[in-house]
Structures are given as structure tokens and as C-alpha cells.
S.K.: 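Take this structure, written in C-alpha cells, and hold onto it; I'll ask about it next.
Residue numbers start from 1 in every chain, and the chains themselves are labelled A, B, ... in the order their sequence lines are given, proteins ahead of strands. Predicted, not measured: the structure shown is a model, and the values here were computed from it.
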Amino acid sequence: MVKLAEWRGKEVFRKYGVPLPRGHVARTPSEAEAVVRSGSVPLPCVVKAQVLAGGRGKGGAVRFANTAEEARAAAEAILALEFKGERVKEVLLEEKLPIGKELYVAITLDRARRLPVLITSAQGGVEIESVDDAAIERQPVHPFPGLTAYERRRAARSLGLSGGPAKALDGLLLALWKAFQQEDTELVEVNPLAVVGDGLVALDAKVIIEDDAAFRHPEYAEIRDDRTPLEEIAREKEIAFVQLDGNIGVIANGAGLTMATLDVLKEFGGNPGVFLDLGGTDDPKKVTEAFLLMAQAKPAAVFLNIFGGVTRCDTVARGLVEAMRQVPESERFPLVARIRGNNEAEGIEILRSAGVTSVPDLKSSAQAAVAAARGSA
Amino acid sequence: MVKLAEWRGKEVFRKYGVPLPRGHVARTPSEAEAVVRSGSVPLPCVVKAQVLAGGRGKGGAVRFANTAEEARAAAEAILALEFKGERVKEVLLEEKLPIGKELYVAITLDRARRLPVLITSAQGGVEIESVDDAAIERQPVHPFPGLTAYERRRAARSLGLSGGPAKALDGLLLALWKAFQQEDTELVEVNPLAVVGDGLVALDAKVIIEDDAAFRHPEYAEIRDDRTPLEEIAREKEIAFVQLDGNIGVIANGAGLTMATLDVLKEFGGNPGVFLDLGGTDDPKKVTEAFLLMAQAKPAAVFLNIFGGVTRCDTVARGLVEAMRQVPESERFPLVARIRGNNEAEGIEILRSAGVTSVPDLKSSAQAAVAAARGSA
Amino acid sequence: MSVLVDRDTRVVVQGITGHQGTVHARQMREFGTQVVAGVTPGKAGTDVEGVPVFDSVRDAVEKTGANASCIFVPAPFAKDALLEAVDAGLTLATVVTEHIPFHDMLVMYHYARSKGSRIIGPNCPGIASPGKAKVGIIPNVVFRPGRVGVISRSGTLTYEIVNGIKEHGLGQSTCIGLGGDPVVGTSFVDALPLFESDPETDLIVLVGEIGGTGEEDAAEYIRHHVHKPVVAYIAGRSAPPGKRMGHAGAIITRGRGTAESKLAALERAGAHVARFPYEIPDMVAEIARAPGRR
Amino acid sequence: MSVLVDRDTRVVVQGITGHQGTVHARQMREFGTQVVAGVTPGKAGTDVEGVPVFDSVRDAVEKTGANASCIFVPAPFAKDALLEAVDAGLTLATVVTEHIPFHDMLVMYHYARSKGSRIIGPNCPGIASPGKAKVGIIPNVVFRPGRVGVISRSGTLTYEIVNGIKEHGLGQSTCIGLGGDPVVGTSFVDALPLFESDPETDLIVLVGEIGGTGEEDAAEYIRHHVHKPVVAYIAGRSAPPGKRMGHAGAIITRGRGTAESKLAALERAGAHVARFPYEIPDMVAEIARAPGRR
């Protein structure tokens, strides 16, 4: 999933005709000042940190400016922030509009219904999670006819809109629906959607692009998620890799087995730190790469738990043995292995020849891994 | 239904990215010459009459030119033609291409399946009706997923295409499918679709726009069908009006009843000349207008056959009486009326007060109408 | 039991505040139909001659238990109205509106079908079962309860024929006017099995037109699946090829869909073929007097 | 009788000439499945280890009577492959392909459903009934014919658990791996009634994961409609909120879809809840030894 920063989300909105405040992004205080001086953002204006976390208003990450100098100062202050662990690298400057009501509109996927869902609430401007359920209208949208006129009318009613703003909403919802589908998004969200005079303006934009549709959207390839550097390398190598705060490295195949392994380790007092899901590979080179990546995360011990299906046990064993050969002495770690399933005997034999014993029982092997991590820590 | 002339059809194709020969339309011989001299149509070129009827090649309505002078002469000859009853007002000049195979591709509606249908045949360049059924591939296309890749592959196979031309076909079919849907057409047809080198070129274009979607397509409002002037007036007044070669005017309501009336008149030796379907109006003014239009067609007699549903009998009677008041003496015609259904008694009474008797029985009334036409002829 | 509608049919009229909607809501009620609601966006809280009006079909269904819709909204908005009816769970919708683009109707038909809803029409008179309910616009005066089922592609011609049956002292079980548009929600082949299995129908009258191949398909179906007697009539026998007689359904193209091919197919299927509409009541009466005959 | 597949299942492998397609076509045959055809456009006339290859699913169905598909084609082309299978009239398709955009899957799911076809997957191990047929990629070695039904959202974890059941001397009636993508063709709630009504299944093992609400919905269904004993396990109890564990299905958001809510719902529904995967075979064996117990 690729979460777009507000200004990028607004570029998507602009493409589909969602009405927006006049605005411009800036990466330095002097750029911010220049943007205002050039007139491309009228005064008074808002200066907003371009970070992915919410709650910017309370965190000093949104400021107001009445002059170009103030805009520069605001940008300077915000660009110096680290907001909820994220360095602020960009600010968005936007005209300050005379705002009427603040509304909420989003389209996302309802997994249970297997349909997109249009979510609207007249209580915009706050986190939608904090809004009373009765004040939120959810309408499933079928992709065959697409978002219908009657659904758009119902949305207008739920937002208490009529006249000009209701008409504006109709076009805005069609634009959001198009963006939702054509940009392969998981979420398009406008919060707040502001009533400004007789129309509507999207004051914020939250757009999340689906990873699996990346082949249709090379334009998002450059945009990175909030991954650690190792996670980023893993993504490039198409290895599912998540870093946490424990010290046991877990290598398994398949999300379910990986999670089950974690559950068992926790049960026995282990503290998992890195999860690496080999998925359905049957290429020994990919296994080697995964192991080398794990080594870089410097775990106290590694627990390898593989059930061979598409991924054959011998493939994993071969990749592992090759990785052990390549890992520098300083990065070596104790290894507890459990490999079962397809080509199990062959895999166990390869491991044994490299001095690694596979423990067939999940419970005992997990206990061994916890002990190994304690021993090496 | 609005049949587009070839050059207009090609403008639609161009909008969706269907590959076309370089070409230009001309309305006078000197325009034709100028088009060639300006280089916008390279030599040698083809000069084609822009008429709706088929079989232009054999009728002298397609000529070739190697010089600008020849183009002028060809245009002059063609613009002097009356092709199958249609005055030629425009010619299309197009580059002459080195043509490989000639294919046939069309999308239209399959009423029985209630689905669009993609029709392809490797035997293009001739009327598709003359092609053996086994040489024609028909694939229903569901509007929800739209034209799929596997259907496009099957089409390529039916056309004997592979490599470059198959790839070109894939894009061309997607373009035609978009045009079919977005322009609300009844038919998009390319015949011939020519293999030119490694690609494809649409040498002809047949596009028929659906009348009922006119509200979405004001851009076609100016283009007229092959109607008579009275038919044109009727269309503007939203009266279904068809002129033929007989002498009895038939006014009925509903297509089915109109056709049944015609069947009965023919049975008794009548020769219907104008059909006027009042449809479902219940506005006396519209009835009056319809009658005045009928009067202009100068029928030997008029048979009014109404079964009142939405159209009430008294409405029709009132409109008719008003029309009879307005019709000049010279345009009067004998009238046989039969009105049944909603408000029948009231309608009969109104007619009687104007001196017209309604005959309740369809058989007798049709016989009376035939006799009246003979008497006045 | 009758075909598709009965005394439990509860109709919502979409577009009830328009002229046609109001007139026909009244006539449906006069027929004995339970017209429980109307829908016109923005007019919730009002009523039309005592029928409560709602903003949406969903509201109407929630408040009144409506289970069938009769749609009068103008063509540009008809698709949306039908989708709304389907999404509100209505299993039957008569679309009276004419001039709906067939591209819209393709979406309407396939969406309704995927949700298990049936459309009658568009551009059609709808369905009526005398003594029970009417969802549509067929004039009340032509009906009389009886055992003749009528399936027709025409409008007024249907009224004419149904009326003729009444004037011969017979009556109708259910009459469906399918509409003659290029894409119809319910075709002859869709309607025939309903009448074949309806215990209240003894005999089926099929009224077709030139154009399309619906009558040929019906003949094929009758041949293999219909055991009740069928009286058939095809309008437009003498219509000139290629000329339009009023709607797109009546175009003759390339020898398919001609009166001749339809009549021949129906005769092969064992139907009693009438040459003129006024022959139908006589033929029906004759068959009704000789039960068991096909 | 088993669930969805049996000895009459005739499989066409879409993408058979790719590495995965070839390997798993072979393994399906080794399982005893009738793999009657493969499809790879442009490779008609060839064969893969004796299985004839066709250009299109329609050709494969016409020539071999295939009635189920196993799809291995790459994600960008998977939607088309599934639509082709549905249009060719196949009523079951296992989509093994991973990383299919969910927007594509929405079209696949709703189109298949409107045509009466069932999808298992995507991104799933598929379905297998030992001694009968397998449409998918679950390793053959884990199976043994028996009376335990398994429904799982996971891949390898399923193999682990199915294998554990075998090692305890028990066997499986049918095992379905649903896949953990945001939009799945067959959910727990879709699969449960098949096992409940399957005379060859005595007991159901349900293997869930954190994320989504499929397990909560399953619990609700079990509570009201399932009378056979259910053993349930949810993976990811100790996963940190908001971190992805490998696919989009495993995101925890806003308290819904947590392991706690799933476990509580399943317990309320009367399921036997295992805390670790290795507890499942013991629990299954215990219930199997005490028939009639819930």
C-alpha cells in the first residue's frame, strides 16, 4: 500500500476534477515565501506539514500566515519538526477559505460485502473513528453500474446538503468514484470536505494506492512507504519483511504460518524482532538473499519454520546453506530450524550436512529458539 | 437512428484512436484540388462520394487520382452524381495505401441475447450479407467486464492475424468498443479493415447513432437522416410519420396497431400512403398538428384507427375537430374514423357533433376507408 | 395464483408526481391494485391522492413493504430509477418509460438479472391480472377475469385484442405487454413458461410484430415446451422492408424477422395463426369451447 | 459425494505451460485428479506431459468436457483468464495467482456470481478431497482420506494443520484454502454450509487469521446453522496492530478483526478454540473419539 502525502493526493483529485483550494508545495522556507510572493497561493494562507500521520493541527504541524514573511517562518518551523517519528520534508501552502460546514466523504472497500463502500458523515473535520456510528452513512456501490445517481442523492441527504452544495457533491462523488477505480486505490478520503459558499472544497486528501496494481501505475513507483531501510530492500527483492522491537528473527513461508510461529514464540517467552515471509518461492537464490537480509538485522537467534508446498524443503535448505557460507563471522547467529512438507527428507539431509538439525515438532523447536536467543543475548 | 456519412464516422473513429488513412472532406471540385495541393492528402489518392447507400465502387462513386487535377476532375464527376436517389454533396479524399488482406469488423446489438456482439470475418471488402455464415465469427460481449482480452484474441484468430497486425487489432477493438458504448451507437463497422504492412487501417467507417440517446449527444443534432421534408417536420414534432407510395392516410396510435391497420387495409385492396403514429400523447394540440401534417401529404382518404389507452378518445376527437376547422378547403379529405377504448363514448359524441361517424368494427371501417379512397381518387 | 402479480403485489410508483405517474397510479388503484407508495426525490412527506411519497425506493420499501415498481421517470433518469428499485430488493419492475437508450437498458437488464429481479418493458404497457393487480398502464376497461393469457409486444394493439376477447364474453388470466424496444427485460420466451405453468391459464394469445427474432424464438419454445393451445398474430405483414413503423423494434432487415418467417415458425410450432386482429377472439372462443384441443 | 470436487471433476489448467502450471498439473494428476486440458494462448496443439493444450478455455471445454479451472496465469492477466473460464461455462475456478488487484477481483467475483460460477481464491491453495480430486496446490503428502473438513484462510499453515491431522491417524473429507486477499471468491460463510451438509464430513476445522471480519461472520453463521463440531484456530494473536504480516488480509485496523474479537465470537458460537496450531489435531482426535459431542 502506498499512502500518498496530502499534496500528491490532491494532485490525483485535481486530475478527476475534485474542487480544491489554490495551493502549492514547498521544500524550503524560501520556496514557501516565493510561492506566496508569486501569487500562486493567495493570502491569508495555511502552511501544512506533509506527513502521513494524522492530528497535525494539535501537533504544531499546521500554521497560518498573513504575509509572505509569516509563510516563510511557518514553513521554517514546520520543516524543523519531527512529527510522530517522521521528518517533515515538505509543506503545502494553501489559501485560507471562508469555511461553512465540515463534512466527511470516503470510498473504500467493504471486504465482507465484497463491494466498494461510500462513507459519508455530516460530522467532518474530526477523525471518523470518533464519530457516532449513527451519524455515518455507508452505501455499498456495485462496480457494474458504478456509483448511481440515487446513491449520490442519498449521500447528499446524509450530509444535509441541498441546492448548490448538493449539486457540487454529485459531481465530486462521481470524480472520487472515478479516482477510486482508475487509480486502483484502497481509499480515497476527503476530511474535511468544506462547504464554501454555494460549493464544496476538499480541504484535505487521503489517497492510498493498492500495491498489487503497481503494474498499472508506474507513476507511483517513486513514492515510498514508511518502511525501514531493510524493509525497503526487502520490498525491492519481493520479500515480505517486517521489523519490530524483539530479538528473535523468524523466517517462515506464508502469512498464516509466520503469524502462528510468532504466537508460539510469544507463548514461550520469546520476543520476535524480524519477520521474514519467504512466500511461495522455489528459487534457492531468493532464500539466500532473504537470509543475508536477516543477518543484517542482527537477530539474537533465528527460528526457521518452513512447511514445504510450492516452496520445497530442499530449496530452502540449499539457500540457507549458501547464505551461511556468505554471512561474515561477525553477523553469524544461532539458528533453530524446523522444515516439514514437500521434499522434507532431502532438506533435512542438506541441513544436517551443514551442521544444522531440524526439530520436527513446532512446540519444541520454538522453545529451542527462545532458549537460543536468551543464550546469545 | 442517425447514420453517419463515412467521413463523420471516421471522425468518431479518430477520437477513439482507430488507425485511418490520411484524408480530407471536400464539397466542391476546387476544394478537392486544394486539399491535394496543400499536401494534407498525399498522392495517389481515392475520391469517394459521401453517401449512405452501399455499392459505391460499382456505381462510379469512387474514383482514383494521381494528380491534383485528376482529383478535381474526380470530385467534379462524383459531385454531379445522384447515387441511388441521393444527391452527392461531399467527397472524401484519402491517400491510396498498399493494401494486404481486407477484413471485416463490427460491433452491434444482438437483440435475442440482449448483448452487444463483436462480428469478425476474414472476408472483408464485400457486403457482409454475402459472406458464408461459417466465415463469420460472432462473439457476445457482456457490458460489465466489457470486451475482454480473450475475446480480442479469438477475433484475431478468426481474422487469421498474428504478430503486428494481431497486436494492432487488439487496440483497434478496444477503441471500437469504447466508441460503441460512449457514442451510444447501434453499429460501428469497419469494412474493409485493411492489413497495411505490419498494422491495420480502417478504409471505411459505418457508424449509426441511436436516436434515443440524443439527449446525451447534442453533437449529432445537426445531422439529418434520409427523411422526406414532411417526415422531417414530423420528427421535430415528435410524431412518427412515414411516407410511402399509396394514397390512404393512416392515423393510429402505437406501432403495433398502426401495422395491423395497414395489414387490414391491404387485405381489402387499399394502398396506404402515409402512416402517422400518434403514440401515447394526450394533448389535443399534438393531435391537431398531426392531422394538419397528414393533410399536407394530400391523401385520397384518411383512416383514423385509435384504441384509447394513454391517448384518450376524447382527446383525439377534440384535436381532430380542431384540425378539420383549420384545414383549407383544397386540402380536405374523406375521413373514416374508428375510435375505441378510454373515454370512447365522449370521443364518439364529439366526432358526431362535427359530422364524423365512428365505425366500431375494424373490418367494416377498413373497408369503408378503402371505398372512400377509391371514390375520391 | 396468477402470473407475476397477485393480490399480494404492493406497488411503488416511481415518478408518481408526474402527470403520467399520477394518472396511472389512480388507474392501478381503480383496478384494485395495492398502490402503497410513490417515489419522487425531494418530495418525501407529501402524498398523491392519498398515496405517500418518499425520497427513495429504499425508504418506500422500509415504510410500506412495497414489492413491485412501476417506473414513469423520464428516459434520461430511468436507468437510475430501475437500479434503485433492484437495489431496494424489488423483484418486479414495469418500466413504462419510452425512448430509453438501449445501452442503458443493457445495464438495467443484466444488473437486474444478476440480482434476481425481473423487468417488464421498457416502453411497455406492463402487466395486469383482472381481479388481482395491474403494474402498468393497460386501460382497465378492456379486462374481464377469465382464463386466456395474453403476451404481446405491442401497446394499443394489445388493448384492442384484449378488449375483443372481453367482447366475445371471455376473460383474461394475465396479460403482459412486453414492449417492442431492442432490449426488453422480459421476452416471449421468458413469459411463455409462466403461462404454461399457470393453473389459471387455459390458452395463450401471442401478439407479435415484425422485426427482431423474438417470435421465432417463441415458436421454438412453444414447439418443445408449451402444451396449452396458442393463438398467434403478427402485425406488420404488409409493412415495406426497411421502413420504420414507429419504433426501433419494427425494422425489417435482411429477411430475418419478417412476418413470413415468424408466421411460418409459429405454424410449424402448432400455434393457431390469425391473419387479422379481429380473427383472434373468434379463434380463442372456438378453442375455449372445445377444451383439450390443441 | 464431497464438497465441490469429486471423481467427475475435469480440470483445465490455465497457464499450464508456465513453471507453476506444469508442476501443479502434474501434482494434481498424481493426486488422482482428471486433468483433461491446459490453456495457453498460441500454444494450441502442443501438450504438457501428455495434457493437451488449447488456445482458449472454450476450445478446451468443447474438446475435453472440462468443468473446473485452476488458474496460474500472472496477475495482470488473471482477470481475463477467469472471465474466460466463466464464459466457457465452468462452474468452479481456483485462482492460485497472487497479487491480483482487488479492483480486478471485484469484477471477477461479481461477474462469476452473476453467471453461477464459484471462485476459490485468489492467492490460495485451492481445494482437495483425498481420493477424489484436487484443484489447486496443496501438497499431496499432507492428505489422507477421512471425515475431517478443513476450511482455512492460510496457505502453508493449512498444510501444517492438515498434515498434523494425518499424523494423528485421522483424515480429511475436503480441505479448502480460501486465500487471504481482501476480496475472496469463497468465504468461510460460503464454505461452511457445504461442509455442514456434506455427509462425508463429521467435524469442521476452521483456520483463520487476524484482519477482516470473515471469522466473526463465520462465528455468527456457526451459531445459527452449523450442528457439526467446529475446531477453530486464529493465527496472529500476538501480531502488533497495524503491521503487515505478509499480505493485505493481515492488517489490523481499529479494533475490528482482532484475534480477540474473532476468538470471542467463535467461543460464543460454541466452537472448540485452539490456542496453537499443534493443539488442533489433539482436539480433533478427542472429538472424533466422542461422537455426538459438540
S.K.: Taking all heavy atoms of A:Gly256 and all of D:Ala235, pick out the closest pair and write down the distance.
M.R.: O-CB, 3.7 Å

S.K.: Any chance NZ of D:Lys115 has more than 12 other-residue heavy atoms, nucleotides or ligands included, within less than 6.0 Å?
M.R.: yes

S.K.: Looking at D:Thr186 and A:Arg114, what are the two nearest heavy atoms and their distance?
M.R.: N-NH1, 3.9 Å

S.K.: Answer with side chain, backbone, both or neither: which region of A:Phe144 has an atom nearer than 4.5 Å to a non-hydrogen atom of chain D?
M.R.: neither

S.K.: Shortest non-hydrogen contact from A:Gly254 to D:Thr156?
M.R.: CA-OG1, 3.6 Å

S.K.: Show, in sequence, the C-alpha distance, side-chain angles and deciding distance for A:Thr261 and D:Glu160, and conclude whether the side chain to side chain contact (heavy atoms under 4.5 Å, CB included) test is met.
M.R.: CA-CA 11 Å; A:Thr261 306; D:Glu160 170 90 39; over 6 Å; no

S.K.: When rounded to the nearest 0.5 angstrom, what is the spacing between CE in A:Met259 and CD1 in D:Ile210?
M.R.: 5.0 Å

S.K.: Quick check on A:Lys84: does its NZ atom have over 12 non-hydrogen neighbours (other residues, nucleotides or ligands) under 6.0 Å away?
M.R.: yes

S.K.: Look at D:Gln20, D:Met105, D:His103 and state which one has the largest set of heavy-atom pairs under 4.5 Å with chain A.
M.R.: D:His103

S.K.: Which bit of D:Tyr159 is near chain A, if near means a heavy-atom gap under 4.5 Å: side chain, backbone, both or neither?
M.R.: both

S.K.: Heavy-atom distance under 4.5 Å to chain A: side chain of D:Glu279, backbone, both or neither?
M.R.: neither

S.K.: With A:Phe307, which of D:Leu157, D:Thr158, D:Val142 fulfils side-chain contact (heavy atoms from CB on, under 4.5 Å)?
M.R.: D:Val142

S.K.: Checking heavy atoms, do the side chain of D:Ile161, its backbone, both or neither come under 4.5 Å from chain A?
M.R.: neither

S.K.: Do other residues, nucleotides or ligands put more than 12 heavy atoms under 6.0 Å from the CZ atom of D:Arg113?
M.R.: no

S.K.: Side chain from CB out, backbone as N, CA, C, O: work out which of these in A:Ile306 comes under 4.5 Å of a heavy atom of chain D, or both, or neither.
M.R.: neither

S.K.: Using heavy-atom distances under 4.5 Å, tell me whether D:Pro277 contacts chain A through its side chain, its backbone, both, or neither.
M.R.: side chain

S.K.: Chain A heavy atoms under 4.5 Å from D:Glu98: which part of the residue, side chain, backbone, both or neither?
M.R.: neither

S.K.: Under the side chain to side chain contact (heavy atoms under 4.5 Å, CB included) criterion, do A:Glu267 and D:Phe276 qualify, and how do the steps go?
M.R.: CA-CA 9 Å; A:Glu267 172 70 10; D:Phe276 301 104; 3.2 Å; yes

S.K.: Relative to chain A, which of D:Gly164, D:Gly155, D:Ser187, D:Ala75 shows the most heavy atom pairs under 4.5 Å?
M.R.: D:Ser187

S.K.: Could you please spell out the steps behind the side chain to side chain contact (heavy atoms under 4.5 Å, CB included) verdict for D:Gln27 and A:Asn342?
M.R.: CA-CA 11 Å; D:Gln27 291 184 9; A:Asn342 263 356; 4.3 Å; yes

S.K.: May I ask you to name which of D:Val189, D:Asn140, D:Val207, D:Leu106 has the most heavy-atom pairs under 4.5 Å with chain A?
M.R.: D:Leu106

S.K.: Between D:Val184 and chain A, with a heavy-atom cut-off of 4.5 Å, which part of the residue counts as in contact: side chain, backbone, both or neither?
M.R.: both

S.K.: Quick one: of D:Asp190, D:Ile138, D:Ile137, D:Val23, who has the most non-hydrogen atom pairs under 4.5 Å with chain A?
M.R.: D:Asp190

S.K.: Roughly how far, to the nearest 0.5 Å, is OG1 of D:Thr213 from CZ of A:Arg113?
M.R.: 11.0 Å

S.K.: A:Lys266 versus chain D, heavy atoms under 4.5 Å apart: side chain, backbone, both or neither?
M.R.: side chain

S.K.: If you round to the nearest 0.5 Å, how far is CG of A:Asp212 from OG1 of D:Thr97?
M.R.: 11.5 Å

S.K.: Side chain, backbone, both or neither: which part of D:Tyr111 has a non-hydrogen atom closer than 4.5 Å to chain A?
M.R.: neither

S.K.: Under a 4.5 Å heavy-atom cut-off, does chain D meet the side chain of A:Arg338, its backbone, both or neither?
M.R.: side chain

S.K.: Heavy-atom pairs under 4.5 Å with chain D - which of A:Asn305, A:Leu362, A:Val264, A:Leu265 has more of them than the others?
M.R.: A:Val264

S.K.: Could you report the tightest heavy-atom contact between D:Phe102 and A:Glu186, atom names first, then the distance?
M.R.: CE2-CG, 3.8 Å

S.K.: What is the minimum heavy-atom distance between A:Arg111 and D:Asp181, and which atoms define it?
M.R.: NH2-O, 4.1 Å

S.K.: Is there a side chain to side chain contact (heavy atoms under 4.5 Å, CB included) between A:Asp263 and D:Ile234? Walk through the geometry before answering.
M.R.: CA-CA 10 Å; A:Asp263 293 346; D:Ile234 305 293; over 6 Å; no

